[in-house]
Q: 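The structure follows.
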Amino acid sequence: MIRKAVIPAAGFGTRFLPATKAQPKEMLSVVDQPLIQYGVEEAVGAGIKSIGVIIGRGKSAIEDHFDRSPELERFLEEKQKTDYLEEVRRISNLAEFCYIRQKEALGLGHAILMAEDYIGNEPFAVLLPDDIFDCEKPCIRQLIDVYSEYNASVIVLGRTDEEGTKKYGIIKPKQITERVFQVEDLVEKPGPEKAFSDLAVIGRYVFTPEIFEAIKQTEPDNKGEIQITDAIKLLLENQLVYGYLFEGKRYDAGDKLGFIQATVELALKRPEFANKLRNHIKNC
Ligand code: UTP
């Protein structure tokens, strides 16, 4: 039912400077694959076959990463590096990719709006590439399952602390089941005093196509950016929106510390690194 996903990747990645001065944040590597590949693999694991990536100037490495690379493949073939060869071919066959330009980084809501023609009039998934989800059932699949049951937009929720209320959108929840909440209201970065709850909106969404109209009607914030949280607030005036407390683990890899944590924890899960890395950390 959800055939397409949108991955916004046109931001400046300022929190990662200077690393992101001349390379996309989405191409920073966690263990041995770029951030954006985690999102793509998650979407593909959820049965999505078509992915629209929102890009801007300086982001062509993303297109190259998911494209065929005949010279590299020939080289690996000649050197009989079969495992690497299979892996680079697998990456270029993961999905159908469509690259859509956001000419100016005017916010996440604006980036999603750029995909309107690509999506058309159907529900779709959105995955932010700087959030890595490590879940038994792909996080976006968990949301799609809720969408199928409630036939309405669904946003992923995570429990947060006081610090998180300054970083994320926080919802006013009406609990429906153990993990499903109806979103009654939401506020972007309210801070601990004004937060309705400890339920934060993080980087996965399933939207009905009406979100595009809501984004068009959303006023830019004081930084001139169109925020998706504000558009969801408008959507709430006409439609129900649900939140889902996902099962699994999430790393905020858009932030330097979260990126380091993701790198260490995901490397510890790899048998070829686990023991040596654990011993190394003990001796640090
Ligand atoms: P972020 O806010 O995490 O990314 O947006 P950013 O703006 O690149 O990073 P900072 O805050 O300056 O450090 C989440 C995702 O949305 C994309 C980003 O590329 C990132 O993958 N995005 C953000 C866009 O595509 N366009 C925008 O205008 C803003």
Side-chain angles (χ1 to χ4, degrees), residues 4-30 33-43 51-63 65-66 97-119 124-133 139-140 155-156 158 160 163-164 166-169 188-189 200-207 211-212 215-216 218-232 250-262:
K4 294 179 183 173
V6 173
I7 301 190
F12 283 116
T14 48
R15 283 169 295 160
F16 256 104
L17 283 168
T20 45
K21 186 171 173 234
Q23 67 173 327
K25 170 173 81 175
E26 298 76 14
M27 287 301 292
L28 297 178
S29 176
V30 170
Q33 67 181 44
L35 275 178
I36 192 166
Q37 194 182 324
Y38 288 91
V40 167
E41 302 253 15
E42 182 186 324
I51 298 178
V53 186
I54 314 299
I55 54 165
R57 276 184 295 284
K59 300 279 185 172
S60 54
I62 297 175
E63 294 179 71
H65 184 71
F66 294 106
F97 288 91
C98 171
Y99 294 94
I100 303 151
R101 214 73 186 183
Q102 184 190 24
K103 290 181 186 157
E104 246 186 294
L106 294 177
L108 179 57
H110 182 262
I112 294 170
L113 182 60
M114 298 298 103
E116 186 178 16
D117 282 351
Y118 161 71
I119 294 296
F124 64 102
V126 174
L127 299 94
L128 303 193
D130 45 7
D131 268 338
I132 299 180
F133 284 85
C139 180
I140 199 68
I155 57 188
V156 78
T160 194
E163 259 325 285
K166 299 176 199 160
K167 267 168 73 179
Y168 304 112
E188 184 65 25
K189 304 183 181 77
V201 180
I202 43 185
R204 299 288 182 267
Y205 314 78
V206 171
F207 286 123
I211 192 68
F212 294 122
I215 299 173
K216 285 178 205 164
T218 301
E219 294 290 335
D221 65 7
N222 52 14
K223 286 187 256 157
E225 293 184 358
I226 296 176
Q227 298 298 346
I228 193 64
T229 317
D230 295 333
I232 298 170
R250 170 228 177 207
Y251 301 98
D252 182 0
D255 162 272
K256 284 179 188 167
L257 181 61
F259 183 90
I260 296 165
Q261 287 165 337

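This chain uses plain numbering: 1 for the first residue, then up along the sequence. Reckoned from all heavy atoms, side chains included, excluding hydrogens, waters and symmetry mates. Remember, it's 1-based here, ligands and their atoms both numbered in the order they're listed.
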Q: Have a look at I112, I54, T14, L106 and point out the one with the heavy atom closest to atom 12 (O) of ligand 1.
A: T14

Q: Please determine if K25 has a nitrogen or oxygen closer than 3.5 Å to a nitrogen or oxygen of ligand 1.
A: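 Right, the criterion is met.
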
Q: Return the closest protein heavy atom for atom 14 (C) of ligand 1 as residue, atom name and distance.
A: D130 OD2, 3.8 Å

Q: For atom 21 (O) of ligand 1, what's the nearest protein heavy-atom neighbour? Residue, atom name and distance, please.
A: P8 O, 2.9 Å

Q: May I ask you to check whether L128 has an N/O atom sitting below 3.5 Å from an N/O atom of ligand 1?
A: no

Q: With heavy-atom distances below 4.5 Å as the criterion, would you say the side chains of V40 and H65 are in contact?
A: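 Not touching, per the 4.5 Å side-chain cut-off.
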
Q: List ligand 1 atoms under 4.0 Å from A111, heavy atoms only on the residue side.
A: 24 (C), 25 (O), 26 (N)

Q: Tell me, which protein residue and heavy-atom name are nearest atom 28 (O) of ligand 1, and how many Å apart are they?
A: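 Going atom by atom, the protein heavy atom closest to atom 28 (O) of ligand 1 ends up being G107 N, 2.8 Å.
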
Q: Among V53, I51, L127, I119, exactly one meets side chain to side chain contact (heavy atoms under 4.5 Å, CB included) together with V6. Which residue is that?
A: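 Exactly one pass, corresponding to I119.
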
Q: Please list the nearest protein heavy atom to atom 13 (O) of ligand 1 with its residue and the distance rounded to 0.1 Å.
A: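 I find the closest protein heavy atom is R15 N, 2.7 Å.
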
Q: I want to check something: taking the side chain as every heavy atom from C-beta on, are H110 and E104 in contact at a cut-off of under 4.5 Å?
A: no

Q: When you measure from atom 8 (O) of ligand 1 to every protein heavy atom, which one gives the shortest distance, and what is it?
A: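 Checked against all protein heavy atoms, atom 8 (O) of ligand 1 sits closest to G13 N, 2.8 Å.
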
Q: Number the atoms of ligand 1 from 1 as they appear, then name those within less than 4.0 Å of a heavy atom of P129, with their elements.
A: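 By the 4.0 Å cutoff, the relevant atoms are 21 (O).
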
Q: Heavy-atom contacts with A105 under 4.0 Å: which atoms of ligand 1 show up? List them by number with element.
A: 28 (O)

Q: Could you find the nearest protein heavy atom to atom 25 (O) of ligand 1 and give me its residue, atom name and distance?
A: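 Atom 25 (O) of ligand 1 sits closest to the protein heavy atom A10 N, 2.7 Å.
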
Q: Does I232 reach the side chain of F207, with side-chain heavy atoms less than 4.5 Å apart?
A: yes

Q: Pull out every atom of ligand 1 sitting under 4.0 Å from any heavy atom of L108, numbered as shown with elements.
A: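 Listed by number with element, the hits are 16 (O), 29 (C).
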
Q: Check the pair D131, Y38 against side-chain contact (heavy atoms from CB on, under 4.5 Å), reporting the backbone distance first and the verdict last.
A: CA-CA 9 Å; D131 268 338; Y38 288 91; over 6 Å; no

Q: Quick one: which of E26, E225, Q102 has a heavy atom closest to atom 26 (N) of ligand 1?
A: Q102

Q: Using side-chain heavy atoms (C-beta onward) and a distance below 4.5 Å, is F124 in contact with I211?
A: yes

Q: What do the steps show when you test D130 against D252 for side-chain contact (heavy atoms from CB on, under 4.5 Å), and what is the final call?
A: CA-CA 7 Å; D130 45 7; D252 182 0; 5.5 Å; no

Q: Please tell me whether F66 and Y99 form a close aromatic pair, meaning their ring centres lie under 6.0 Å apart.
A: no

Q: Between F259 and F16, does the ring centroid distance fall short of 6.0 Å?
A: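 Yes, the ring of F259 comes within the 6.0 Å limit of the ring of F16, centre to centre.
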
Q: Could you name the option among P24, G39, G11, G109 that has the heavy atom nearest to atom 24 (C) of ligand 1?
A: G11

Q: Considering only heavy atoms of F12, which atoms of ligand 1 have at least one such atom less than 4.0 Å away?
A: 8 (O)

Q: Would you check whether G254 reaches within less than 4.0 Å of ligand 1, judged by its heavy atoms?
A: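 No.
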
Q: Provide the closest heavy-atom pair for G39 versus R204 in the form atom of the first, atom of the second, distance.
A: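 Nearest pair, atom of G39 first, then R204: CA-NH2, 4.4 Å.
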
Q: Looking only at heavy atoms, which two atoms of A9 and I36 are closest? And how far apart?
A: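 Closest pair (atom of A9, atom of I36, distance): CB-CD1, 4.3 Å.
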
Q: Determine whether any heavy atom of H110 lies closer than 4.0 Å to an atom of ligand 1.
A: no

